[in-house]
Amino acid sequence: MSASNMTSTHPAAFLLMGIPGLEHLHIWISIPFCSAYTLALLGNCTLLFIIRGDAALHEPMYLFLAMSAAIDLVLSSTTLPKMLAIFWFRDREINFYACLVQMFFNHSFSIMESAVLLAMAFDCYMAICKPLHYTMVLTGHLITRIGMAAVLRAVTLMTPLPFLLKRFHYCQGPVIAHCYCEHMAVVRLACGDTRFNNIVVLDLLFVILSYIFILRAVLQLASQEVRYKAFGACVSHIGAILAFYTPVVISSVMHRVARRAPPHVHILLANLYLFFPPMVNPIIYGVKTKQIRERVIGLFLRKDV
């Protein structure tokens, strides 16, 4: 892409480098990426189909799960197709505004996912700590409001981002050392003050607090069997929370304590948090949630008959 394609403030397009340092392995790297995306599509579409078609599953826990599955589908589909185009066809160019749109969807739906996990923690807290108030508090109206609030918060937080990035002058050139339009990778190309582009989400803190209260309530139950049953009801939630936040925390720590690590290490970790949760969440809920597991088995058995 020649310099003539540059505007006075931003390039007409960016060049995504994929995974710098591992260009010779792009074809091989694409295999697990494509497999993870296929599993994410199959698993989350199956969850949505089962929950939508079974009225017995129209309960708070499963409605939050449906929200999470829909978010996972959008989150993985926002980046993976372009990444595979880079790996398979070396199609590295992405329009400047397409890059901003990809970034907006990527970060917005990550924030939505975090909010839904917080809602799941609240659901688990009410089920264990306030069981007599569960049905009165977690009504269909409240669940709808929680979903709308998650979307509104994410859109409100991320809408300024494209406008802030559009006003920067990209004096470092148009080459993004990443395989998608990740926020900080784009900001590094910009000149000027970029401090206002740092957004901290405190959902993880509230999730941890919720589970501290849950653990305390479980330990106060009368018998070990009752404690095991109560805590087992939230195992799938905990698995989903760990699947989402663990890669985020590891990536954040690596950026601070291992700044001299090869770039591909940070990029692979960034990709892990995008594709690992959408891939494993349906597996976690399918294995740990009896109602989901029975309906999945029934769905495939009917196909075999």
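Model, not experiment: these values are computed from the prediction. One is the number of the first residue; the rest follow in order along the sequence. We use all heavy atoms of the structure for the numbers below, so side chains are in, but hydrogens, waters and symmetry mates are not.
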Inset, instruction - Say whether, by atom type as modelled, one donor and one acceptor occur between the side chain of Gln102 and the main chain of Cys181 under 3.5 angstrom. - result: yes

Inset, instruction - Ignoring hydrogens and angles, tell me if any N or O in the side chain of Ser68 forms a donor-acceptor pair with the backbone of Phe64 under 3.5 Å. - result: no

Legend entry - Geometric class of the His26/Phe87 ring pair [parallel <30°, tilted 30-60°, perpendicular >60°]: tilted

Legend entry - Heavy-atom donor-acceptor pair, Lys82 side chain to Cys179 backbone, under 3.5 Å: no

Legend entry - Gap between atom CE of Met279 and atom OG1 of Thr38 - 0.5 Å precision: 11.0 Å

Legend entry - Flag, side chain of His58 to backbone of Ile51, donor-acceptor distance under 3.5 Å: yes

Inset, instruction - Report yes or no: do Ser77 and Tyr37 form a side-chain donor-acceptor pair below 3.5 Å? - result: yes

Legend entry - Exceeds 12 heavy-atom contacts within 6.0 angstrom, atom NE2 of His133: no

Legend entry - Contact check, side chains of Asp91 and Leu16, non-hydrogen atoms, under 4.5 Å: no

Legend entry - Phe122 and Leu118, any side-chain heavy atoms less than 4.5 Å apart: no

Inset, instruction - Measure the acute angle between the ring planes of His107 and His183, then classify it against the limits of 30° and 60° as parallel, tilted or perpendicular. - result: perpendicular

Legend entry - Under 3.5 Å donor-acceptor, Glu113 side chain and Ile111 backbone: no

Inset, instruction - Could you give me the CA-CA distance, side-chain angles and deciding distance for Arg92 and Val175, then say whether side chain to side chain contact (heavy atoms under 4.5 Å, CB included) is met? - result: CA-CA 10 Å; Arg92 297 176 175 176; Val175 179; over 6 Å; no

Inset, instruction - Would you indicate whether the side-chain heavy atoms of Phe168 and Tyr170 approach each other to under 4.5 Å? - result: yes

Inset, instruction - With the side chain counted from C-beta on, respond yes when Cys99 and Ile176 share a heavy-atom pair under 4.5 Å apart, and no when they do not. - result: yes

Inset, instruction - Inspect the surroundings of CZ in Arg293 and state if more than 12 heavy atoms from other residues, nucleotides or ligands are less than 6.0 Å away. - result: yes

Legend entry - Heavy atoms of other groups near Phe105 CZ, more than 12 under 6.0 Å: no

Legend entry - Donor-acceptor contact present, side-chain Asn44 to main-chain Pro278, <3.5 Å: yes

Inset, instruction - Assess whether atom CE of Met148 is packed by more than 12 heavy atoms of other residues, nucleotides or ligands within 6.0 Å. - result: no

